[in-house]
Amino acid sequence: MMIDKISNVNAINTLQNTKRSNNVTASQNYSDEISVSAEAKARAEELYLNQVAEETPDVRSELVEQIKLKIQDPSYLNEATIAATADRILSAYGF
């Protein structure tokens, strides 16, 4: 028995390697993705804001002390200060 055409084996290997590489690139073109509903986004934001509110102290004692000291000063409470405070309160309520 005589084997005379061994070079054809390389052609088969090349063809198989080409098919394998095409399959690899085809599978790499797909990517995972998710979609989050608007309701889920709103709920996540609500949970985050609740967490921030729980971690934030209700009363900032350093500011309260500063205001107490300012009120004790007789020159602090004047018409301009009262008017500015009233304007800020009204603007906070949208007036």
Taking only distance into account, with no hydrogens and no angle test, what donor-acceptor pairs under 3.5 Å do side-chain atoms of residues 41-50 form with protein atoms, sequence neighbours excluded?
unit_1: Arg43; atom_1: NH1; unit_2: Glu46; atom_2: OE2; d: 3.0
unit_1: Asn50; atom_1: ND2; unit_2: Glu46; atom_2: O; d: 3.4

Only pairs under 3.5 Å count here: list side-chain donor-acceptor contacts from residues 78-88, not counting sequence neighbours, and write none if there are none.
unit_1: Asn78; atom_1: OD1; unit_2: Ala80; atom_2: N; d: 3.2
unit_1: Asn78; atom_1: OD1; unit_2: Thr81; atom_2: N; d: 2.8
unit_1: Asn78; atom_1: OD1; unit_2: Thr81; atom_2: OG1; d: 2.9
unit_1: Thr81; atom_1: OG1; unit_2: Tyr76; atom_2: O; d: 3.0
unit_1: Thr85; atom_1: OG1; unit_2: Thr81; atom_2: O; d: 2.8

For residues 52-66, which side-chain donor-acceptor pairs fall under 3.5 Å, sequence neighbours excluded?
unit_1: Glu55; atom_1: OE2; unit_2: Gln51; atom_2: NE2; d: 3.2
unit_1: Thr56; atom_1: OG1; unit_2: Val52; atom_2: O; d: 2.7

